[in-house]
**Student:** 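Let me begin by handing over the structure; questions about it come next.
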2 protein chains.
Amino acid sequence: MALGRAEAGKIESGVRAMAENMADRKKAILRAVTDDYISTAEPVGSRTIARKYGLGVSSATIRNEMADLEEEGYLEQPHVSAGRIPSDKGYRFYVDSLMPERNLTGLEEKKIRAECAKRSDEIQSLIRATAKVLGELSNCASIVIGPGVKTAEIRHIQLVPFSSDSILVLVVTNAGLVEHKILSIEHEMNPVDLENMSRMLNHRLRGRSLSQMRGKVLRDILSDLDAYASFLEQMFELLLSAIRSSDENRVYVDGLMKLLGQPEFSEIERARPILEFLESDDLVLTELSGSASRGLGGAQVTIGSENTREELRECSVICAPYGIRGQVVGTIAVVGPTRIDYSLTIALVAHIAESLSDLLTRTQSIK
Amino acid sequence: MALGRAEAGKIESGVRAMAENMADRKKAILRAVTDDYISTAEPVGSRTIARKYGLGVSSATIRNEMADLEEEGYLEQPHVSAGRIPSDKGYRFYVDSLMPERNLTGLEEKKIRAECAKRSDEIQSLIRATAKVLGELSNCASIVIGPGVKTAEIRHIQLVPFSSDSILVLVVTNAGLVEHKILSIEHEMNPVDLENMSRMLNHRLRGRSLSQMRGKVLRDILSDLDAYASFLEQMFELLLSAIRSSDENRVYVDGLMKLLGQPEFSEIERARPILEFLESDDLVLTELSGSASRGLGGAQVTIGSENTREELRECSVICAPYGIRGQVVGTIAVVGPTRIDYSLTIALVAHIAESLSDLLTRTQSIK
DNA sequence: GTTTAGCACTCACAGTAGTCGAGTGCTAAA
DNA sequence: TTTAGCACTCGACTACTGTGAGTGCTAAAC
């Protein structure tokens, strides 16, 4: 199971126990090993620890402690004459208890603001820009899942004349998402009729979600506008099918190159399954959709084997939902090697999710 | 310079001369070498040619011919004891004169139709689906540049009430592209006013391009609607700036994984510059924008060193513009190793460009 | 004048052996 | 409990060698 930093307070008692009865020196060593491995990507030996992280004990002592840590499952050895690297369990403990608090530098915050602010007027651009800046700052692959239209409330619906045998149906959701769809019609409709219908539909549908748009509500509308019944039926049909497929267009991935720059993925065969996963929008969508249920605030970390998907067993995923006025509408995530800089990335993801929420709430809210 | 197959008729006289005075057997050998290398990615030796492609002569003869071809610059040798591979010049000659005619199989055509047809109601989806199917069938990276909004004609413009201090401006272009932008306003505007303004704007702007939307036309509108002058000025300002930035969102890339699967890019360091290029939307856009000027019909091939961009010197690019009612609105392209299957890819690109044009013209045209 | 057989030569590639050094575990002394 | 010392392990690197695909050249055959 994935435990987020935000949930450190309600950490499982098992984990807490581990944290408490581990000697401070052991913790320091585990922290040192993890920090070092995160920054160098090389297995770290006892002498390195003794020299670089002045713990006041000799390498032999550290060696003994490391042997213990390995036995307890926090460290592992790629081969017998190499240094140690953290295991997934080791990373988990590091994330939950050892990791240094990290705040974004002014430069980083500035970059985020700059990139996002200038695009905040159009939601697609904003989402794209977010993915880009997240990839750049994390040095890993980044994912942003845009607001979906299915569960969102309808804020506005409008029928626009398009050509003699088609009209454009425009739906604006409360997340500021604008979806549109072109609809063929059998006989021309005059603009005034369309206008009237728009008004009517607005009246009936505002505040409802698109997926609620069936059953009684729909029948009511049909009976109200029965002159157009057959047209409306067709419209709803098409609209619903469009919505079903529009989910695939919600996923934005960036920073694939950054991922390939990580030494663990320098052989392409290691990287391939992950990239394949990231290229498949619907897999990404289903994998991350779980995180939305945790509610806003704080990033969630899934380390290596904690991932259910086979392809991600060598990766860590750090994700956080974002929302509008407290309601979750999407997720942002970073995918990197398990050696990812947790401290930085968590701060980054949490901050960007938050500022995205702010931005959306500020610019998209109905007054 | 890149010469397309469609232009085979008006091929440069220099090239034509080459084609004519090259002995048939030499051509056959060059063709065999190229075909073989395209399918195996291994340098091909004289014995292989003699055995696999029954030319009725011994390997020694072929060896002599190959030495000539190398001297003339059509073949090259990775090292002295390896077989030959085609040079860029060799590929060029192959593409212009030797390549077998290739038609898509029923299966391929079916796949294209299936993938495109089910998305044809919404232009963004259609573009995405096109990029995907192109990547899949070509086994290379694919690029689709969507219709831009800058030069397109306005078909419809509509102001939609959005919130108390903002409205939504909706612009539909003749390419079926729907752009929208949310605009803050100072004081609330009543729906009837908006409707009137929409009508007015439509009347004035329909048929013009957005980039024409300045100067006299604009002044005329302002004087007609001078009660809203300050609002309109602000609106045009924002609209134009939005348009400027929306070009970046036109580029869709897919099939990166396929590219990495090609043996020439199995070392990541070879692939990196190309992937970096493909990740940068604006570079891709400027690089491919030239091809739009060649008019519809037929794919254009740029081989290795013919590419101006350094990153693409190891690649071939096959691209074709697509359009609506004969007018170019975008480009599709495939990027692969110079060893790319020209015959297949050219057929593929040409066919998809054509069917995209058809689809757009059919579904998006004003009657 | 072509074409072909024969042969010496080249060179990438794979496999083997040897060396180096980082890092360990264990033992015994402090 | 900590530390110094030491033997040991094993991946990484280097050097060397054999193999084989493929060439170029020459001389004979057509």
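Please read all numbers here as calculations on a predicted model, not as lab measurements. In the text below, chain A, chain B and the rest are named by the order of the sequence lines, each starting its count at 1. Just the heavy atoms: all of them, side chains too, but no hydrogens, waters or symmetry mates, feed the values below.
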**Student:** Using whole Å, what does the distance between atom C1' of nucleotide D/dT23 and atom CD of B/Glu71 come to?
**Tutor:** 15 Å

**Student:** Find the distance B/Ile29:CD1 to C/dT3:P and express it as a whole number of Å.
**Tutor:** 10 Å

**Student:** The test is side-chain contact (heavy atoms from CB on, under 4.5 Å); show your working for A/Lys26 and A/Tyr74 and say whether it passes.
**Tutor:** CA-CA 11 Å; A/Lys26 236 177 199 168; A/Tyr74 294 102; over 6 Å; no

**Student:** From the options C/dT4, C/dA12, D/dC10, select the nucleotide whose nearest atom is closest to the side chain of A/His79.
**Tutor:** D/dC10

**Student:** B/Ile85 has an atom CD1; how far is it from atom P of C/dA12, in whole Å?
**Tutor:** 14 Å

**Student:** When you measure from the side chain of B/Val80, which nucleotide among D/dT23, C/dC11, C/dT24 comes out closest?
**Tutor:** C/dC11

**Student:** Which nucleotide, if any, forms a Watson-Crick or G-U wobble pair with C/dA28, using both distances under 3.5 Å?
**Tutor:** D/dT3

**Student:** Return the value, rounded to whole Å, for the distance between atom CE of B/Met66 and atom P of D/dG24.
**Tutor:** 8 Å

**Student:** Taking atom P of D/dG24 as reference, at what distance in whole Å does atom CG of B/Leu75 sit?
**Tutor:** 11 Å

**Student:** With a 4.5 Å cut-off on side-chain heavy atoms, are A/Asp36 and A/Glu42 touching?
**Tutor:** no

**Student:** Given the rule in the side-chain contact (heavy atoms from CB on, under 4.5 Å) test, do A/Leu344 and A/Glu108 qualify, once you have shown the distances and angles that lead to the verdict?
**Tutor:** CA-CA 11 Å; A/Leu344 167 65; A/Glu108 286 161 341; 3.8 Å; yes

**Student:** Would one find more than 12 heavy atoms of other residues, nucleotides or ligands at under 6.0 Å from atom CZ of A/Arg47?
**Tutor:** no

**Student:** Taking only the side-chain nitrogens and oxygens of A/Arg25, find out if one of them lies under 4.0 Å from OP1 or OP2 of D/dT1.
**Tutor:** no

**Student:** On the nucleotide D/dG22, are OP1 or OP2 found under 4.0 Å from the side-chain N or O atoms that B/Arg51 carries?
**Tutor:** no

**Student:** Rounding to a whole Å, what distance do you find between B/Glu70:CD and D/dG24:P?
**Tutor:** 7 Å

**Student:** Using a strict cut-off of less than 4.0 Å between a Lys/Arg side-chain nitrogen and an Asp/Glu carboxylate oxygen, indicate whether A/Lys258 and A/Glu136 qualify as a salt bridge.
**Tutor:** no

**Student:** Just so I know, are the side chains of B/Cys315 and B/Ile274 near enough to count as touching, which here means a heavy-atom distance under 4.5 Å?
**Tutor:** yes

**Student:** Give the intermediate values and the outcome of salt bridge (Lys or Arg N to Asp or Glu O under 4.0 Å) for residues A/Arg339 and A/Glu264.
**Tutor:** CA-CA 9 Å; A/Arg339 187 186 55 76; A/Glu264 26 274 279; 2.8 Å; yes

**Student:** Side chain of B/Ser81: nearest nucleotide among C/dT24, C/dT10, D/dT3?
**Tutor:** C/dT10

**Student:** Which of these nucleotides, D/dG11, D/dG24, C/dC11, is closest to any side-chain atom of B/Gln77?
**Tutor:** D/dG24

**Student:** Keeping B/Glu306 on the side-chain end and B/Ile303 on the backbone end, is there a donor-acceptor pair under 3.5 Å?
**Tutor:** yes

**Student:** As an exercise, state the distance from CZ of B/Arg270 to CD1 of A/Ile268, rounded to the nearest 0.5 Å.
**Tutor:** 12.0 Å

**Student:** Checking all strands, does A/Ala60 fall into the base, sugar-phosphate, or nothing category for heavy-atom contacts under 4.0 angstrom?
**Tutor:** base

**Student:** Below 3.5 Å between N/O atoms, which protein atoms pair up with nucleotides 26-29 of chain D? Just atom names and distances, please.
**Tutor:**
none

**Student:** Between A/Arg84 and B/Val57, which residue's closest nucleotide on DNA chain C lies nearer the 5′ terminus?
**Tutor:** B/Val57

**Student:** When the distance from CD of B/Glu65 to P of C/dT2 is rounded to whole Å, what number comes out?
**Tutor:** 10 Å

**Student:** Could you list by number each residue of residues 37-48 of chain A showing a heavy-atom separation from DNA chain D of less than 4.0 Å, or answer none if no residue does?
**Tutor:** none

**Student:** In whole angstrom, give the distance that lies between atom CG of A/Asp68 and atom C1' of C/dT24.
**Tutor:** 14 Å

**Student:** Are a donor atom and an acceptor atom from the side chains of A/Ser316 and A/Tyr342 found within less than 3.5 Å of each other?
**Tutor:** yes

**Student:** Specify the residue among B/Pro78 and B/Arg63 whose closest nucleotide of DNA chain C lies further upstream toward the 5′ end.
**Tutor:** B/Arg63

**Student:** Can you tell me the pairing partner of C/dA14 across any strand shown, Watson-Crick or G-U wobble, with both distances under 3.5 angstrom?
**Tutor:** D/dT17

